[in-house]
Engineer: 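Structure below; questions to follow.
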Protein chains: 2
Amino acid sequence: MSAKGQPVTLGEVAKAAGVSIATASRAINGSTRRVSEDIRKRVQETADRLGYLPNLSAQAVAKGASSTVAVVVSDIADPFFSAIAAGVMRGANEAGLVVTLAAADHTPQNELDIVRTFRSQRPRAIILSGSRSVADPNQALLDEQLEAFASTGGKVVLISQSPSPFDVVELANREGARELARVLVERGGQRFGIVTGPQRLMTNRDRVAGFREGLEESGTSLETDAVVEAEFSRDGGYTGLRTLLSRVPEVDTIFATSDVMAIGAMTALRDLGKTPGKDISIAGFDDIDTARDVTPTLTTVVAPLADMGYRAVKLAIDPDAARDPQVLKVNTSVIVRESTPVRERASA
Amino acid sequence: MSAKGQPVTLGEVAKAAGVSIATASRAINGSTRRVSEDIRKRVQETADRLGYLPNLSAQAVAKGASSTVAVVVSDIADPFFSAIAAGVMRGANEAGLVVTLAAADHTPQNELDIVRTFRSQRPRAIILSGSRSVADPNQALLDEQLEAFASTGGKVVLISQSPSPFDVVELANREGARELARVLVERGGQRFGIVTGPQRLMTNRDRVAGFREGLEESGTSLETDAVVEAEFSRDGGYTGLRTLLSRVPEVDTIFATSDVMAIGAMTALRDLGKTPGKDISIAGFDDIDTARDVTPTLTTVVAPLADMGYRAVKLAIDPDAARDPQVLKVNTSVIVRESTPVRERASA
DNA sequence: CTGTTAGCGCGTTCAA
DNA sequence: TTGAACGCGCTAACAG
């Protein structure tokens, strides 16, 4: 039983059941189920008995279509992406699809290599999560790959920003940040600062721009020095905050363009002897799980990350494949927690 | 260019280059590279020009071996598993392998289904992360599947507990917890409590047992009521802590069997009006990223999660496949942070 | 070194 | 309804 051997093939099942391979195929997979019930039963039984499992690769070759969806993330250990991945996996599972995953590690070149490898797998769809970059020299090559993939019947879904020739699940970054700014002004914020990830990423651009708009609509503005760019990570939030405070020590409210950065910034604040949520208000974006477990709990913009991944799959397997590219806008909402208490206004 | 079409096949490349398919195959893949340099170059060029990408499924069928590693996790959104997955992906990437991922959602039945699906993919290896359960009725069926997979040339690596008929990457749960207990006693802990995940999971068993040992070796003991079992999650930590404190209000030091639980427990403490790291010490296990960002920063046992995933892949692609099952023990270390200050001993 | 032939495991025509 | 034959894209054995 446990001697080295080869997997059971459909042919062996067929022979053991005394039918042809074609019949066995129909009985087990039954694309158009036209096989007598007793035969079907007999074949199924011998298949079970022999422990037959269809060879997905062979099926893919024969059918010319696989049952795989390929997903690119920047970093699976980042809660932002792991939440998206969780949603994708749920959706894929419901659809009987297999998920293959690769991490681009924030490097456009890797992203390109990954997409090439993915194309070799002939997946049904490729889902790209992660922000688009502006003026990325690799972008053209990447688009070319995706275009080619799409032109051979593959589906491309971006969890990113429109406009795009492909389907896009797009988070309302700008609107979310704008609403957040309004809320923070309402709560008494007067001197604002921003710690943001690289501005070449559209996500950061939009969040900063939206926040700015929100401030202006509320009659407040942002000093030039009050926007600090750093790595789009926890450590970036840490260093970014230090830079910000050294430049503009009198800020009372800080917006970090992601929760991950905000959490790093909060730690930095404490290391500077200040108490986040008391000395200085701070808010993030995304509402990752950890946001409610840090102290103070973090005010943020809720992004339904898992849901976005789930919807991306749904878009990908949409039967109406010939339709025009679709943009699925995902709305956000602001959730106020302890990190942004109501501040008393300094008397004018 | 962007009209619907089929992917370029090796045959088309061969024809365009004026060589046979076999030659084209050798030129591009070159298992045993014995093809004249100029031909190789010409074929490669036409392949690039045509945008040819090998069909991995077809290769897998022809070779009888795929270039895929399949990974089972409980929940990819859990930082414990996403860290492991990150390591796996890095290792797979280095080896030119594709990673397929599935989430069992803490359900043994799902795990079984996933392994079956994975077997259909004929991956080179299946990596199972997540603790083994004791007395799991599905365990036999699962082992049967894995056994069958292994007997047909597949490699199985468990990130779990020995003993096992397969390769195992095993974290020193017991030893780590034991050392943690010693450290906590040294720092003045006297009345201990434990919030643990389900005891059917070996991970929790080992961590609790190890902690107990460490206490006993330090001349301390644990009251019966002081061990509370709850869900192995953030929320489990939250509810578990409340139960614990209602049963044994006078505990001064708490061990949660994972950082995720510890973080939930800390939040629960605060909701009860107590300050973690002051009124009550608390420590976790795993050292997930968040451990250093909560307040107070969390004392814990460092588990090199990403490294474990990485090593699991290395084991899986070990050329010496015929060797006996191997156990790779992974050591831990205790890192003391703010959540467990030195406590003054109550005078005896 | 190259081309021809025979598979790999499976789906799907086409007759029977 | 069933089976024989062919094809999917590719690799590997065998000749030349």
Side-chain angles (χ1 to χ4, degrees), chain A residues 5-44 46-47 50-68 119-124 152-154, chain B residues 5-44 46-47 50-68 119-124 152-154:
Chain A
Q6 294 303 116
V8 181
T9 93
L10 188 58
E12 301 179 68
V13 174
K15 197 199 299 184
V19 297
S20 73
I21 299 188
T23 302
S25 171
R26 291 187 274 247
I28 292 180
N29 184 321
S31 51
T32 49
R33 60 174 307 291
R34 41 185 190 188
V35 86
S36 70
E37 183 53 24
D38 49 343
I39 288 265
R40 197 203 57 72
K41 203 172 152 192
R42 179 151 50 94
V43 173
Q44 188 61 59
T46 65
L50 267 45
Y52 168 77
L53 255 37
N55 183 322
L56 287 185
S57 290
Q59 284 189 333
V61 179
K63 295 206 252 204
S66 78
S67 54
T68 297
R119 283 191 61 201
S120 272
Q121 297 193 64
R122 307 286 190 272
R124 188 164 308 180
T152 56
Chain B
Q6 293 304 116
V8 180
T9 120
L10 189 57
E12 302 178 66
V13 174
K15 197 199 300 182
V19 297
S20 73
I21 300 189
T23 302
S25 171
R26 291 187 275 247
I28 291 180
N29 185 320
S31 51
T32 50
R33 61 174 307 290
R34 42 185 188 187
V35 85
S36 71
E37 183 52 25
D38 50 341
I39 289 264
R40 196 201 58 71
K41 203 171 152 192
R42 178 152 51 96
V43 173
Q44 187 61 59
T46 65
L50 267 46
Y52 168 77
L53 254 37
N55 183 323
L56 287 184
S57 289
Q59 286 190 164
V61 177
K63 296 208 253 205
S66 79
S67 54
T68 298
R119 283 232 283 147
S120 273
Q121 298 193 61
R122 308 284 191 271
R124 189 163 309 177
T152 55

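In what follows, chains are A, B, ... by sequence order, proteins preceding strands, each numbered from 1.
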Engineer: Could you tell me whether the phosphate oxygens of D/dG3, OP1 or OP2, come under 4.0 Å of any side-chain nitrogen or oxygen in A/T23?
Structural biologist: yes
Engineer: What integer distance in Å separates B/I21:CD1 from C/dG7:C1'?
Structural biologist: 14 Å
Engineer: Describe the nucleic acid contact of B/I39 in one word from base, sugar-phosphate, nothing, applying a heavy-atom distance below 4.0 Å.
Structural biologist: sugar-phosphate
Engineer: Just the rounded figure in Å: distance from C1' of C/dG7 to CD of A/Q6.
Structural biologist: 14 Å
Engineer: What are the two closest heavy atoms between A/V35 and A/A27, and how far apart are they?
Structural biologist: CG1-CA, 4.2 Å
Engineer: Which nucleotide in the list C/dT2, D/dT11, C/dG9 gets nearest to the side chain of B/V35?
Structural biologist: C/dT2
Engineer: Could you tell me if the side chain of B/R122 sits less than 4.5 Å from the side chain of A/L53, heavy atoms only?
Structural biologist: yes
Engineer: Is A/R42 reaching over with its side chain to a backbone N or O of A/A17, donor-acceptor style, under 3.5 angstrom?
Structural biologist: yes
Engineer: What's the CG-C1' distance between B/N55 and C/dC10, to the nearest Å?
Structural biologist: 14 Å
Engineer: If each of B/V61 and B/V19 is mapped to the nucleotide of DNA chain C with the nearest heavy atom, which maps nearer the 5' terminus, i.e. the 5' end?
Structural biologist: B/V19
Engineer: Verify the contact: side-chain N or O of A/S25 to OP1 or OP2 of C/dG11, cut-off strictly under 4.0 Å; return yes or no.
Structural biologist: yes
Engineer: Of all the nucleotides listed (C/dG9, D/dT11, C/dG11), which has the minimum atom distance to the side chain of A/A58?
Structural biologist: C/dG9
Engineer: Quiz question: going by heavy-atom distance under 3.5 Å, is there a donor-acceptor pair between the base of D/dG9 and the side chain of A/R122?
Structural biologist: no
Engineer: Give a yes/no answer on whether the side chain of B/N29 brings an N or O atom under 4.0 Å of OP1 or OP2 in D/dT11.
Structural biologist: yes
Engineer: Select one nucleotide: of D/dG9, C/dC10, C/dG3, the one nearest the side-chain heavy atoms of A/A62.
Structural biologist: C/dC10
Engineer: Expressed as a whole number of angstroms, how long is the span from B/R26:CZ to D/dG9:P?
Structural biologist: 20 Å
Engineer: Tell me: CZ of A/R42 to P of D/dT1, nearest whole Å?
Structural biologist: 16 Å
Engineer: A/E12 CD to C/dC8 P: how many Å, rounded?
Structural biologist: 11 Å
Engineer: Return no unless some side-chain N or O of A/Q59 is found under 4.0 Å from OP1 or OP2 of C/dC10.
Structural biologist: no
Engineer: Think B/S36 has a side-chain N or O under 4.0 angstrom from the OP1 or OP2 of C/dT2?
Structural biologist: yes
Engineer: Expressed in angstrom and rounded to an integer, what is the separation of A/I28 atom CD1 from C/dC10 atom P?
Structural biologist: 9 Å
Engineer: Quick check for you: among C/dC8, D/dG7, D/dA4, whose closest atom lies nearest to any side-chain atom of A/S20?
Structural biologist: D/dA4
Engineer: Donor-acceptor pair, B/S120 side chain versus A/P54 backbone, under 3.5 Å?
Structural biologist: yes
Engineer: Salt bridge between A/E37 and A/R40, side-chain N to carboxylate O under 4.0 Å?
Structural biologist: yes
Engineer: I need the CD-P distance between B/Q121 and C/dC8, as an integer number of Å.
Structural biologist: 22 Å
